[in-house]
Protein chains: 2
Amino acid sequence: MIKCHLSRLMGEKKLKIVDVARETGVNRGTITRLYHETASRVELDVIEALCRYLDCEVGELFEYVNEK
Amino acid sequence: MIKCHLSRLMGEKKLKIVDVARETGVNRGTITRLYHETASRVELDVIEALCRYLDCEVGELFEYVNEK
DNA sequence: CCAAAATGTTCTCCTGAAGATCATTATGCA
DNA sequence: TGCATAATGATCTTCAGGAGAACATTTTGG
C-alpha cells in the first residue's frame, strides 16, 4: 500500500488543516482526505504544493509499504 | 514541479512500456502518460504497482523540483 | 457561556485515468 | 530485403473519485 505521512508531517510542525489549506491554496477537503488517508488519487499539483509548503520530498510524504 | 522518473527507471532496467503494463496490470495508456510525463493526476494504486514492480520507493519515482 | 474558528460531512461538477480501438513505427526472422 | 509481429502513438468514450463549496458539528479561548 501507499502510506501518506501528511498527518505526521503536520503534527511535527503543529500545523492545522486550515493552515495547510490556506497556505498551499489546496482545497481543505483535499487536505482532509490526505490527512485521513482516504484519498486514492492525487493531483501532481497538490503533491507539489505540499512539498513546497512542508519543505519536504515526495518520498517523505508518500511511502510504499510492502504488504504481502 | 513534480518530476516522474519512470522513463529513467525503465531505461536502466531496459523495460518496455508493454512489459510494465502487462506485469503491473496498469493500463498501457497510463504507463505511457507517466513515461512521457503528461500525467497530471495519479492513482495511488498505480504508484503502488510501479513501486512493487520496479522495487523502488515513491521518492525514486517522483521528485519535487523546486523552480522559482 | 458564547462567538469564532476548526473540523467533519455531504453534495455537485468536472477532470483525467481506464479501457478499447485504430494507425504508425520498430523489430526479428526467413 | 520483404513480411509478419510486436510495440508504440494517437484518439475516443466511459466513469470513478478528487476538487470545490456549502452546511453541520465540534473545539477553542476570552
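Throughout, a chain's letter reflects where its sequence line sits, starting with A, and its residues are numbered from 1.
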When we call it a touch if two heavy atoms are under 4.0 Å apart, what does V42(B) touch: a base, just sugar-phosphate, or nothing?
nothing
Minimum-distance nucleotide (side-chain atoms of [X] versus [options]):
{"X": "V18(B)", "options": "dG8(C), dA6(C), dA7(D)", "answer": "dA7(D)"}
{"X": "R41(B)", "options": "dT8(D), dG9(D), dT15(C)", "answer": "dT15(C)"}
{"X": "E43(A)", "options": "dG18(D), dG9(D), dA6(C)", "answer": "dG18(D)"}
{"X": "N27(A)", "options": "dT7(C), dG16(C), dA19(D)", "answer": "dA19(D)"}

Between atom [atom1] in [X] and atom [atom2] in [N], what is the gap in whole Å?
{"X": "E37(B)", "N": "dG16(C)", "atom1": "CD", "atom2": "P", "answer": "16 Å"}
{"X": "L44(A)", "N": "dG16(C)", "atom1": "CG", "atom2": "P", "answer": "10 Å"}
{"X": "I31(A)", "N": "dT7(C)", "atom1": "CD1", "atom2": "P", "answer": "11 Å"}
{"X": "L50(A)", "N": "dA19(D)", "atom1": "CG", "atom2": "C1'", "answer": "14 Å"}
{"X": "L34(A)", "N": "dG20(D)", "atom1": "CG", "atom2": "P", "answer": "12 Å"}
{"X": "I17(B)", "N": "dG19(C)", "atom1": "CD1", "atom2": "P", "answer": "17 Å"}
{"X": "K16(A)", "N": "dT7(C)", "atom1": "NZ", "atom2": "C1'", "answer": "11 Å"}
{"X": "E23(B)", "N": "dA7(D)", "atom1": "CD", "atom2": "P", "answer": "12 Å"}

Does the side chain of I17(A) come within less than 4.5 Å of Y35(A)'s, by heavy atoms?
yes
I want to check something: taking the side chain as every heavy atom from C-beta on, are F62(B) and I47(B) in contact at a cut-off of under 4.5 Å?
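When only atoms from C-beta onward are counted, I47(B) and F62(B) do touch, with a gap below 4.5 Å.
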Indicate whether OP1 or OP2 belonging to [N] is found under 4.0 Å from a side-chain N or O atom of [X].
{"X": "S40(B)", "N": "dG16(C)", "answer": "yes"}
{"X": "T30(A)", "N": "dG18(D)", "answer": "no"}
{"X": "H36(A)", "N": "dG8(C)", "answer": "yes"}

On the side chain of R28(B), is there an atom forming a donor-acceptor pair with the base of dG9(D) - under 3.5 Å, no angle test?
yes
CG (D45(A)) and OG1 (T24(A)) are apart, to the nearest 0.5 Å, by 11.5 Å
Could you give the distance from NZ (K13(A)) to CG (D19(A)), rounded to the nearest 0.5 Å?
12.5 Å
Which residue lies toward the 5' end of DNA chain C, V46(B) or Y35(A), if each is placed at its nearest nucleotide?
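Nearest-nucleotide comparison on DNA chain C picks Y35(A).
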Donor-acceptor pair, K3(B) side chain versus V65(B) backbone, under 3.5 Å?
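No, the answer is negative, given that no donor and acceptor are paired below the 3.5 Å cut-off.
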